[in-house]
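Note: hydrogens, waters and symmetry copies are ignored here, and every other heavy atom, side chains too, is used. The shown structure was predicted, so the numbers you read here are calculated from the model rather than taken from an experiment. A note on names: the letters A, B, ... follow the listed sequences, proteins ahead of strands, and every chain is numbered from 1.
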Number of protein chains: 2
Amino acid sequence: MTRRPSTAQTLVADSLAGFVAAHEDLVAFGLEGKFVRRRRLTPGKVAVISGGGAGHEPLHCGFIGAGMLDAACTGHVFTSPTPDQILAAMDETDTGAGCLLVVKNYDGDVMNFEMAAEMAAGRHHVETVIVEDDAATGPSVRSRGRRGVAGTVVVEKILGAAAEQGTDLAGLKALGDGLSGRLRSMGVALRGVSLPDTARDTFALGPDEMEIGVGIHGEPGLYRTRRAGAEEIVRLLCEPVLAQLPHLAEAHPLLIVNGFGGTPPIELNRAHALARAVLGERGLVPARALVGTFVTSLDMAGLSLTLALLTPAEFALWCAPVRTAALVW
Amino acid sequence: MTRRPSTAQTLVADSLAGFVAAHEDLVAFGLEGKFVRRRRLTPGKVAVISGGGAGHEPLHCGFIGAGMLDAACTGHVFTSPTPDQILAAMDETDTGAGCLLVVKNYDGDVMNFEMAAEMAAGRHHVETVIVEDDAATGPSVRSRGRRGVAGTVVVEKILGAAAEQGTDLAGLKALGDGLSGRLRSMGVALRGVSLPDTARDTFALGPDEMEIGVGIHGEPGLYRTRRAGAEEIVRLLCEPVLAQLPHLAEAHPLLIVNGFGGTPPIELNRAHALARAVLGERGLVPARALVGTFVTSLDMAGLSLTLALLTPAEFALWCAPVRTAALVW
């Protein structure tokens, strides 16, 4: 029985309630609904906690479960969770081995997670890993340096698996920081973000236009250009990613084709096939690929490509069992 | 290395190639790429085969794997696969126990699967289950009677699980036919389907309009009305579904909230919470819920609600293990 109409104001709370109700076997609300957590914690394991603005689902709550996150804090749409939410998640999920915070590189997120870590001093051992994978490194009002985008899935999966296997806080911090230089993403928007309940777009693209180098908050990208065919789009995404990654002959390349919310599976699968062809021209064959909708920007049409050059140990952690709402293997 | 540009003409082939490459552990192309099949078949098990037009992904290929389908045949966008494709799938996956065909109720699909079954006479034992769950029973150029939409997932999951447990062809046919009266869906479009590579919509909806009772082929729905808030939309979907279902106090209600391709998880989760509230008013509590993007209409914005009133045996089959690209538990 709903007691008040569902509006843009209540979208996040309603959506979280719907998420938790659909996945009661895996997750539960934490204290006062401030965060979502695993239903069952593993004592003695480092608590891996993430969070960020709403509008990026299934990130982060969809990645709570065995082998990945212990808790996730969700703010309003495109708005950081508060330090109070983050601290509450630490209080409830730290079973003695400390907390690892996984934070996308946006000023608001970095500030609030930092503040929460300071407030936790004396109560929790805390380390923070900043995800900064966006190869579109143009200036942004929302972040210093590279933004954290779909590569967050790689960091959360690998650190979550390592925590599950008993890696300690210092080990997780080193593992996360080590990934940073070998992880890059690039996104394209084919239609801007419609704000909930208004159908108003944050930026307007004509049917013949596309925006390359977009982030995940409805902000404009690096440049706007004439809409190209699927192959050229994929090439425009692959090139900056490849240019910014080191040449590692022995790496296990992991490819992620991520939909931004308004792009259907048929297009994501096609982009995957085309990306493999472009990478193949460089002699690069993905050891694994993940194709789907993992890090959204509300209903933005478009997609991003992520490439991670993993060490054998990282690759084994990527392949390790995981049981969450959005990733299961 | 792509040899020719990816266009609307090659979309389906490229997308299937991308799908198979992403899920090589589960699936493989069948003879001459005419269909997609499980990598490993189970001798002596009835082969459960489905298919239909492209543009509905992850249906049907995303449901190939242990506990669900053995093969799926994909036609061009919104176009039935040919009898030749379907017969090839039967030839390759029938290991002696016969073939069960799961067909959505559209004239083209029904005709081509029927023709394939006739061509198979003397080679395969074949039974066919027609899915007809769309509560928007208005006249349609594409089907006689109720169309088959997102309820297809329920039929494929339950029959796939039963086949895996050794149910024979006659048993599967009876199980599938029995579901028909207790399975209904209703969909809404908030933005029409954009045809690939043209960004032209099949039907144009203003930002203040919505179309209730849409199918999954870009055809118009039952009626167009002023766009309502999320709660009213969900109510408009629930009511015809509930009106067409019998009152079964002992049933296990299964709820599916399905995105049509252009609607992001945050909205689907909200719709799930709101649907539970509407069902709760009737004393109906879902025993399970599935929320996500399962049966699309290219990139159409909107969603459908499906309600299935399952017997205890059917519910156990729904809950049985499944390992496919789009459903895993």
Side-chain angles (χ1 to χ4, degrees), chain A residues 1-2 5-7 11-12 14-19 21-22 54-58 62 77 190-191 194 196-200 207-208 227 229-231 257 260-277 280-281 286 289-291 293 296 298-301 326 328-329, chain B residues 1-2 5-7 11-12 14-19 21-22 54-58 62 77 190-191 194 196-200 207-208 227 229-231 257 260-277 280-281 289-291 293 296-301 326 328-329:
Chain A
M1 328 281 150
T2 16
S6 185
T7 64
L11 168 63
V12 177
D14 288 337
S15 181
L16 282 172
F19 172 79
H56 306 307
E57 295 74 14
V77 171
L190 303 172
R191 196 184 57 243
S194 300
D197 288 343
T198 67
R200 193 160 44 81
D208 294 332
R227 190 160 174 166
E231 249 158 313
V257 179
F260 280 141
T263 294
I266 191 172
E267 289 287 3
L268 300 178
N269 283 325
R270 165 160 73 168
H272 175 226
L274 300 176
R276 292 180 86 92
E281 293 169 7
L290 181 68
V291 182
T293 295
T296 57
L298 290 171
D299 66 348
M300 184 162 76
V328 190
W329 59 66
Chain B
M1 328 280 151
T2 17
S6 184
T7 64
L11 169 63
V12 177
D14 288 337
S15 180
L16 282 173
F19 172 79
H56 306 308
E57 294 72 15
V77 171
L190 303 172
R191 196 184 55 241
S194 300
D197 287 343
T198 67
R200 192 159 45 80
D208 294 331
R227 189 159 175 166
E231 248 156 318
V257 179
F260 279 141
T263 295
I266 190 171
E267 289 287 2
L268 300 178
N269 283 324
R270 164 158 78 165
H272 175 227
L274 299 175
R276 292 181 87 91
E281 293 169 7
L290 181 68
V291 182
T293 295
T296 56
S297 180
L298 291 172
D299 66 348
M300 184 163 75
V328 189
W329 60 64

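- Of the inter-residue distances, the one linking Leu274(B) atom CG with Asp14(A) atom CG reads 5.5 Å to the nearest 0.5 angstrom.
- Under the side chain to side chain contact (heavy atoms under 4.5 Å, CB included) criterion, Ala275(A) pairs with Val234(A), Cys238(A), Leu255(A), Leu305(A), not counting sequence neighbours.
- Most heavy-atom pairs under 4.5 Å with chain A, from the set Ala289(B), Ala22(B), Ala54(B), Ala17(B): that is Ala22(B).
- Evaluation of the side chain to side chain contact (heavy atoms under 4.5 Å, CB included) rule for Thr263(A) yields Glu267(A), Leu268(A), Ala301(A) as partners, not counting sequence neighbours.
- If you tally non-hydrogen atom pairs under 4.5 Å between each of Ser15(B), Gly262(B), Gly18(B), Pro264(B) and chain A, the highest count goes to Ser15(B).
- The choice from His272(B), Met300(B), His56(B) that makes the most heavy-atom pairs within less than 4.5 Å of chain A is His272(B).
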